[in-house]
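Chain letters run A, B, ... following the sequence lines, proteins first and then strands; every chain starts at 1.
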Amino acid sequence: MTTRVGVVTFPGSLDDRDAQRAVRLAGAEPVALWHRDKDLHQVDAVVLPGGFSYGDYLRCGAISRFSPVMDTIIEQAKLGMPVLGICNGFQVLCESHLLPGALTRNDSLHFICRDQKLRIENASTAWTGDYTQGQEIVVPLKNGEGRFVADEHVLDALEAEGRIVARYLDVNPNGSYRDIAGISNAAGNVVGLMPHPEHAIEPLTGPTTEGLGFFTSVLKQLVSA
Amino acid sequence: MSLDTVKNAEQTPDAEQPWAELGLKEDEYARIREILGRRPTGAELAMYSVMWSEHCSYKSSKVHLKQFGEKAPANDAMLVGIGENAGVVDVGQGYAVTFKVESHNHPSYIEPYQGAATGIGGIVRDILAMGARPVAVMDPLRFGAADHPDTRRVLPGIVAGIGGYGNCLGLPNIGGEVVFDSCYQGNPLVNALCVGVMKHEDIHLAQASGAGNKVILYGARTGGDGIGGVSVLASETFDATGPAKRPAVQVGDPFQEKLLIECTLEIFSEKLVLGIQDLGGAGLSCATSELASAGSGGMRVELDTVPLRDSSLSPEEILMSESQERMCAIVEPGKVDRFLEICEKWDVIATVIGEVTDGERLEIFWHGEQVVDVPPRTVAHDGPVYQRPYARPSWQDALQADAPTAERLQRPVTGEELKAALLAVAGSPNQASKAWITDQYDRYVIGNTVLATPEDSGMVRIDEETNLGVSVATDGNGRFAKLDPYTGAQLALAEAYRNVAAGGAKPLAVSDCLNFGSPEDPDVMWQFAEACRGLADACQILGTPVTGGNVSLYNQTGETAIHPTPVVAVLGVIDDVNRRTPIGFAEEGQHLYLLGDTADELGGSAWSEVAHGHLGGLPPKVDLERERLLGEILIAASRDGMIDAAHDLSDGGLAQALVESCLKGGNGARVIVPAGLDPFVFLFSESAGRAVVAIPRSEELRFNDMCGARGLPATRIGVVDGDVLEIQGQFTVSLAELKDAHTGVIEALLA
Amino acid sequence: MARVVVDVMLKPEILDPQGQAVQRALPRLGFDGIADVRQGKRFELELEGPVDDAALARIREAAETFLANTVIEDFTVRVEESQ
Amino acid sequence: MARVVVDVMLKPEILDPQGQAVQRALPRLGFDGIADVRQGKRFELELEGPVDDAALARIREAAETFLANTVIEDFTVRVEESQ
Ligand SMILES: Nc1ncnc2c1ncn2[C@@H]1O[C@H](COP(=O)(O)OP(=O)(O)O)[C@@H](O)[C@H]1O
Ligand SMILES: [Mg+2]
């Protein structure tokens, strides 16, 4: 049976079709999930895609976090289901308190779209198993509110527990504390990532194909689980 | 104020009416009375005044725009031509593409962020209204001098507004233009383009047919914004202290528009709509009168049912409001429930506000009383038409006589001087990298962007199975058009055409945005007439019809008009986007060829501006047959895998093209000045009809044979190599030095 | 040091998409009875010197020319009451 | 109808790039003597019913769970004094 990976569409989600394409290219079956529907339709993992859900009004991810589908996702994530939040999805995960910290306005105060070099700091989460620790990749980054902030002791704990999944290299594009581009929960099944691996899966349309690993990783993880 | 009903208007024929304040001329007011056989009601007056404004009626430009239809080349690809919200072109495999460029100049000067944002919102709704999914946007921009303090106010706001709205809609920004010139100081130009894709059978038109069918207004609530904006914006000139009348500014809600897009596409996919129109300038006045006049019958609207944001609005205000993010659809009664259900799914407010009648009148009611009873065509299409006087400006001859000859303008001669000139041009605001701006735009969303900034054209894949794609480029050189508006308009088309071809796509069709000064100035009107004539003639020769566009007049500060600025967008199609040609010199060892002829043509050039602040002489000559041949060679070479890089030559000439292609590809080049050519002319002339290409050695013979057989001059000028750009016998400059000069310029000016 | 607060709100006739989004979300979260929400900005300015009339006049000017966009926004300036 | 105002500000220890940008710009515009600027949000809520303790308690809860992200923000709730 093929693995089913759900991709949630909130009102204002933009990269949902891109995430579905990435899931497909990785060899899984993408399943569209609707924000109003509590039912996850037997998916094995979930991607919360990028975009401007609810226009990013109030705070990014703040309104989406209260949608019916999130109730179920929060429940399942706590039981170990792999969940990847990309950009706006990362913001939703922080607002849902599945991940610590918050994402705030870029220090430049501008939206920034660039090809970003990252280092994979933890290759043992559900979404990074196909990378090697320390591997450097380039994927697009595009956000206006991507500056990861958290208390010093939270940051120290993230470092100590190996929960920093990826860091910005060369350029810190948004002022994130400690160059953090992505983090995971303690169990490693929930990952939030500010850059967009789903835009680096085809040589034709991406700067590289080095983003595909996130989507193939979760497949292996699910098969071996 | 008591309600001015139709009955009341009949009984009080002599009541005073504010037609002049609404921008109508005395004879126009008299025409309205004649059409109606009585005085108009307040609501009718509001509708006529906005719909007969310059912006909506094209009263000054119409007589010249006619040529685009009359001279249109026969073109099998045209599915919908001028007259609809946007033209539609067949691109094969059952796909149709629609695209259009529009202006939002004046609002963007007053409120840069919201003005530019709502400019994107408006053009996207036009494309959506054709039945298409919007797939990309572009933004041709013009600003005042780069170092002027007001540019620091205007530019960041406009860029943030375009990004803020477009990014939030999820539309990749695949290109545009940024030009600085002090002529745009009090009149920045914000043109916005959108491309949309649909299947042939999904094309929708703005028409209301079939008595009993329902009129549904959906999207945002109607508020008091932008009331009168249309007539005021398009008719008033701006002085240095700001607009004479401050129009209400509209605030955009891109989130609402995103919902409107998804909701509308779902409605289209279930075939629930007979006719559809977006609400833009003139709001409901425009939508109801245009829908009704394009349909078979009349229309009856209950204005009370319009969802309001402000319950105190009068019927006149509701009819004139330009609240954003609204659409109007004609739906069969049996499909209304499903229509409303889909709107509910997307949290979009939708209301039946009226129905199509079998009469011939547009009738609008308020609290049960009739406030409008008009023949819709008279509102939408029978506006006044002006034959504005025009005459060649008295200063034109002197301007053209002031050619940038070597005697008049000191030219660089030594290698060192040439190198300094190259760095100065590459680092001037107009030629410098625009990354600071374009990095604020999402170019990746949707995952189909094949080419985007800083490539020659923007290209998107429209079918992931077959790899069919389309590309668009926009161009417009106001300096050339000032020197000669006829040639300037043709050069704009030629450059956009060349850019599309350089990427490997076949040019199919044109949209244009004509930005000019006041039509009441005969000099400006002459520029306008010449530009239209030039563009129409050139489109005929290149076989690319104008499918639609927009006119923006009154772009002037006091007596001073902007340079005539026809912005031309060319749409092309490519069968396999994998065959696209990028601009970067990516492979060492490939040979560089210069295609086309280079003459001593520096009138209006980037060099003359940067080195001498000079504008005079004649623009480069246009040879449209040569442009077509060059295009055919570039397309064939791309299709057959003969070239790996191509960059068209325009502002800054070969020098600038080499800088850009080297930096993009991360490789240097060794270049030889061809025998008989002056090194300065070789590097900086802006002769049209040229491109530089990089060719793998294995393809060189085949490529040369093709050019020889077709009669296109192709001169081998060098090789991709190393990490310096070397002009042999003249100078070398390292990539690091080039990058230093070319990047960081815009941010330094705005910081 | 003294604190001056500048509140900047969209003019009443101008669309406030942010406030609307909040207003629509509140009932879904179980917060009823809220008829309208407007969202604006609050600036807290710490002055180096005393908050006298001259200082307030300058801040009012800064609000007028810079902190608020008076084409679409209104503002108020007030000295913060100590809490 | 009565108005309740919720002010939301970033916690003092969180960097506020917007406030800093304003602060940096002010001297360039000729406004000196401003030691610090913080930028936050102001929500104006119009209630349908009376502003009693129960209503304020509910609004405080909405602020806590929704209007502010207490990981990074502080908030205050107050009834607007009529001006
Ligand atoms: N410069 C132009 N060239 C060709 N067609 C134009 C030009 N300006 C306007 N048009 C066409 O005239 C029609 C009316 O234009 P417009 O009022 O801008 O449309 P809309 O009502 O969608 O805003 C459209 O079909 C438009 O494409
Ligand atoms: Mg239209």
Which portion of [X] sits near chain A, non-hydrogen atoms under 4.5 angstrom:
| X | result |
| --- | --- |
| B:Leu451 | neither |
| B:Val577 | both |
| B:Glu464 | side chain |

*A:Ile201, A:Asp56, A:Ile112: which one forms the most heavy-atom pairs within less than 4.5 Å of chain B?*
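The answer is A:Ile112.
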
*Interface residue of largest heavy-atom contact number with chain B, from A:Asp16, A:Asn143, A:Asp115, under 4.5 Å*: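 Option with the top pair count is A:Asp115.
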
Ignoring hydrogens, what is the shortest heavy-atom contact between [X] and [Y]? Give both atom names and the distance.
| X | Y | value |
| --- | --- | --- |
| A:Gly12 | B:Leu259 | N-CD2, 4.3 Å |
| A:Asp15 | B:Ile446 | OD1-N, 4.5 Å |
| A:Gly55 | B:Phe255 | N-CD1, 3.2 Å |
| A:His110 | B:Gln440 | CD2-OE1, 3.5 Å |
| A:Phe52 | B:Asn167 | CE1-O, 3.4 Å |
| B:Arg133 | A:Arg17 | NH2-NH1, 3.2 Å |

Drop me the distance from [X]'s [atom1] to [Y]'s [atom2], to the nearest 0.5 angstrom.
| X | Y | atom1 | atom2 | answer |
| --- | --- | --- | --- | --- |
| A:Ser108 | B:Glu747 | OG | CD | 11.5 Å |
| B:Cys168 | A:Phe111 | SG | CZ | 10.0 Å |
| B:Arg580 | A:Leu204 | CZ | CG | 5.0 Å |

*What is the ring orientation for B:Tyr444 with A:His199, classed by angle as parallel under 30°, tilted 30 to 60°, or perpendicular over 60°?*
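Aromatic pair B:Tyr444/A:His199 classed parallel.
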
Would you mind telling me which of [options] has the largest number of heavy-atom pairs within less than 4.5 Å of chain A?
| options | value |
| --- | --- |
| B:Ala160, B:Gly164, B:Gly170, B:Ala435 | B:Gly170 |
| B:Asn467, B:Thr438, B:Thr449, B:Val159 | B:Thr449 |
| B:Val460, B:Asp253, B:Leu171, B:Asp347 | B:Asp253 |

_Salt-bridge contact B:Asp439-A:Lys142 (side-chain N to carboxylate O under 4.0 Å)_ =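 Answer for the salt bridge query: no.
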
*Go through the atoms of A:Glu198 and report whether side chain, backbone, both or neither lie under 4.5 Å from a heavy atom of chain B.*
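Contact with chain B is absent: no heavy atom of A:Glu198 under 4.5 Å.
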
*Per-residue contact mode, A:Tyr54 against chain B (heavy atom under 4.5 angstrom)*: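 Contact with chain B is through both the backbone and side chain of A:Tyr54.
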
*Is there a donor-acceptor pair closer than 3.5 Å between any side-chain N or O of B:Arg461 and the backbone N or O of A:Thr205?*
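No.
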
_For a side chain to side chain contact (heavy atoms under 4.5 Å, CB included) check, start with the C-alpha distance between B:Asp442 and A:His196, then their side-chain angles and the critical distance, and finish with the verdict._
CA-CA 12 Å; B:Asp442 183 351; A:His196 288 259; over 6 Å; no

*Give the intermediate values and the outcome of side chain to side chain contact (heavy atoms under 4.5 Å, CB included) for residues B:Glu262 and A:Thr9.*
CA-CA 11 Å; B:Glu262 296 303 331; A:Thr9 299; over 6 Å; no

*Above 12 or not: heavy atoms from other molecules or residues under 6.0 Å from CG of B:Asp575?*
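Open: at most 12 neighbouring heavy atoms sit under 6.0 Å from CG of B:Asp575.
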
*Decide if atom NZ of B:Lys739 counts as having more than 12 heavy atoms of other residues, nucleotides or ligands within a radius under 6.0 Å.*
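At most 12 heavy atoms, drawn from other residues, nucleotides or ligands, come within 6.0 Å of this atom.
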
